[in-house]
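Working notes for the structure below.
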Amino acid sequence: MSLEGADPAGPYGAESHAELRRWLEAVQALSAAVSAGRGLREVLGLVADTARSLLGFDFCGVLIPDSSGQNLVIEGWSGLSAEYVARVNTDRPVRLHGDDVHHAPSSQAFRSGLPVAVRDIDREPQFTPWGGVAKEQGYRSMLSVPLVAGGDVVGTLNSYHSAVHDFTDHEVERLTLLANHAAIALTSARMVEELQQLNVSLRRQRDLLTKSERIHQRLLEVALRAGGLDGIVQALADLVSRPVLVEDAGGAVLARTGSLSELPGSDVRAALPLEEDPSGAHTLGTGIVREEGGYVAATVRLAGEVVARVWLPRGAEGFSLLDERALEHASIVISLELFRLRTGTEVEHRLRGELLADILSGAAVESPPVAERARRLGHDLSHPHIAVVGQLDVATESRRSLTYQRALALVSELAAGYTPRPLVAMHQGAVVALWPLDSVRTLSRAAPVGENQRMDAVASSIRRAMVSVPDAEGATVAVSGAERRTFVQAYRTARGALNVALRTGRSDTVVTPDDLGVAGLLLQLGDAGQLVAFADRTLAAVRQHDLLRGTHLLQTLRVYLDSELSRTEAAHRLSVHPNTVSQRLRRIETVADLDLSAPATLVEVSAALLLLDVAEGGHPA
């Protein structure tokens, strides 16, 4: 998704910009503390204070390895008692490798390089050795995130709540962002201590640190002035005297300076893996910066996920340590900017989702409040619209939510190129678009085509966008057709077409009501109640039995018919024993007074199920 030219505040971004300002000011305070030569413990204490005040935790602590490298010790804290710190550091040390039974969340986060959350320490057997001191301190839940600098874990930032607490992805993401800055502060503070100890012999390193911090300050100032991604990239280009290119995780260019001929092409960028190479074949210095084909690149992470990379030429004069530090600092500031943009995008997606839900609940689109909400989001509801509904086949169930978010972003980006702008949002577990019939691509010079052709092309474009998302194994998209209908009718027709298509095995394609035969004609009826009433002549007793007793007779009947009356195949699809299928079918015959061995009954039941599929078109498949 291109971010070039994005409004840093936008109509709904003021709050996120204010939050970003608070974050950047806190990070500036950390940088100033390091530049002022404050001791390591004081800097780490400031890190803990910052995390506690910014994120609203009850207690915070920073843990780093001791001199033996065997234990993690608390070196900076906020809200924790001195007695608690002393007891953990001496009587209950956090061993980096633990034992066969007990593994502290801090040591897990340190070893894995990933956040570790504990909702309730009383229910965590591995936390037993520290349960006593935890109760004395007064906390019940904790979150530990690694401090990562130069590809190495240098400590952990721990945050605690006095009550049982479910840590959200947003909390983990924000604490991880702060931990990235804390890691820089930690390594910088250690460098300051070394410079103070070694004095004259390390004067060059002190000078390097000062310049590095100035670079970080300048980049942060650009972000504070709402200079956006383009401003940060231009500042970096000025600092290193080279052109700069930023690409997202999919390889799309987000921002650049200088001539394309001086920057790496897509082939060079694709040759370097997104994740750091464990062999170190491409690695420079600390490991954040790597090289490929005469260019250097720094990875930009957000909550542990690679979201972008910064590229620039290595240069004939070579790539100095100061250049490398500038690139590292830029990657952190860019992650903050992308976080702000992501937050603003999520707000707009939520507002569009609320508007879509109201419209599909029957809100009068011509009413001033609804029309004004739509106008502020860039939509004109006075035009006739069709409905397009898309559903993904997701490879990894645990990543379903993230996969749908990415698909929604791509479809929204597609819609942004059309005028009037279509309304795209998530609704009832699917990507839904209300698309103006007379919508055309901005600046398009294509020859005019019929409405059905244009809508089929739109639906195909939406499907291609959805299926291009990582973890998407397929996408089924249904379109309501070009007939003029209300928003609710158009959505119900498209949703029903999607449900019928999926239940009849037509997936990973584009479907219209015309593709579904009789079901397609029934979908265009305005009264779903008539369809249900007709179906209930045959299946009312079965539906009532399922509703009152929580059984699955109707589902079993549907799968049995789809399995060509094979009880063995139906049992396999339902993951039950064939005898269970037989028992359910006998129960259906008893409850509904049907003879499922009679061909006429099977035709009647199939028709009733089809009517229910159509009538339930407004509900998820």
Task: With T176 via side-chain hydrogen bond (donor to acceptor under 3.5 Å, both in side chains) - residues at least two apart - done: none
Task: More than 12 heavy atoms from other groups under 6.0 Å of CG on D169 - done: no
Task: Enclosure of E372 CD (heavy-atom neighbours >12, cutoff 6.0 Å) - done: yes
TODO: Kindly indicate whether the side chain of V424, heavy atoms from C-beta on, has any atom under 4.5 Å from the side chain of V432.
DONE: no
TODO: Apply side-chain hydrogen bond (donor to acceptor under 3.5 Å, both in side chains) to R421 and list each qualifying residue two or more places apart in sequence or on a separate chain.
DONE: none
- [ ] Enumerate the residue pairs fulfilling salt bridge (charged side-chain N to carboxylate O under 4.0 Å, His left out) with a member in residues 576-593, sequence neighbours excluded, ordered by first and then second residue.
- [x] none
- [ ] May I ask you to decide whether E305 forms a salt bridge with R301, counting only side-chain N to carboxylate O separations under 4.0 Å?
- [x] no
Open item on the list: When you measure from the side chain of T486 to the backbone of Q489, do you find a donor-acceptor pair of N or O atoms at a distance under 3.5 Å?
Closed with: yes
- [ ] Please determine which of L498, V511, V500 meets the side-chain contact (heavy atoms from CB on, under 4.5 Å) test together with R506.
- [x] V511
Open item on the list: Quick one about T476 and Q391 (side-chain donor to acceptor, distance below 3.5 Å, no hydrogens or angles considered), yes or no?
Closed with: no
Open item on the list: With heavy-atom distances below 4.5 Å as the criterion, would you say the side chains of P115 and S144 are in contact?
Closed with: no
Task: Given D546, T551, L561, L574, the one that forms side-chain contact (heavy atoms from CB on, under 4.5 Å) with T556 - done: L574
TODO: Would you give the length of the straight line joining atom OG1 of T538 to atom CG of L609, rounded to the nearest 0.5 angstrom?
DONE: 9.0 Å
TODO: Indicate whether any N or O donor in one side chain lies under 3.5 Å from an N or O acceptor in the other, for Q428 and Y491.
DONE: yes
Task: Side chains of F339 and L302 in contact at under 4.5 Å (non-hydrogen atoms) - done: yes
Task: Separation of L423 CG from I359 CD1 (nearest 0.5 Å) - done: 5.5 Å
Task: Q108 and L114, any side-chain heavy atoms less than 4.5 Å apart - done: no
Task: Whether H165 and H161 hold their rings parallel, tilted or perpendicular, with breakpoints at 30° and 60° - done: tilted
Task: Test item: side-chain donor near acceptor, Q405 and H349, under 3.5 Å - done: no
Open item on the list: Applying side-chain hydrogen bond (donor to acceptor under 3.5 Å, both in side chains), can you list everything that pairs with D122, at least two apart in sequence or on another chain?
Closed with: R140
- [ ] Would you confirm whether D536, through its side chain, and L539, through its main-chain N or O, come within 3.5 Å as a donor-acceptor pair?
- [x] no
TODO: Among residues two or more places apart or on two chains, list those pairs meeting salt bridge (charged side-chain N to carboxylate O under 4.0 Å, His left out) that have a residue in residues 460-470.
DONE: R463-D508
- [ ] Report yes or no: do N158 and S106 form a side-chain donor-acceptor pair below 3.5 Å?
- [x] yes
- [ ] Enumerate the residue pairs fulfilling side-chain hydrogen bond (donor to acceptor under 3.5 Å, both in side chains) with a member in residues 357-369, sequence neighbours excluded, ordered by first and then second residue.
- [x] D358-R373
Open item on the list: Is the ring pair H385/F487 parallel, tilted or perpendicular, if the boundaries are 30 and 60 degrees?
Closed with: tilted
Task: Distance-only side-chain donor-acceptor flag, R567 / S582, under 3.5 Å - done: yes
Task: Carboxylate-amine/guanidinium contact R350 E346, below 4.0 Å - done: no
Task: Test item: T156 side-chain N/O and P146 main-chain N/O as donor-acceptor pair under 3.5 Å - done: no
- [ ] Show your working on side-chain contact (heavy atoms from CB on, under 4.5 Å) between L175 and S159 and close with a plain yes or no.
- [x] CA-CA 9 Å; L175 192 61; S159 299; 3.6 Å; yes
- [ ] Tell me, yes or no, whether the heavy-atom count around H572 atom NE2, taken from other residues, nucleotides or ligands under 6.0 Å, exceeds 12.
- [x] no
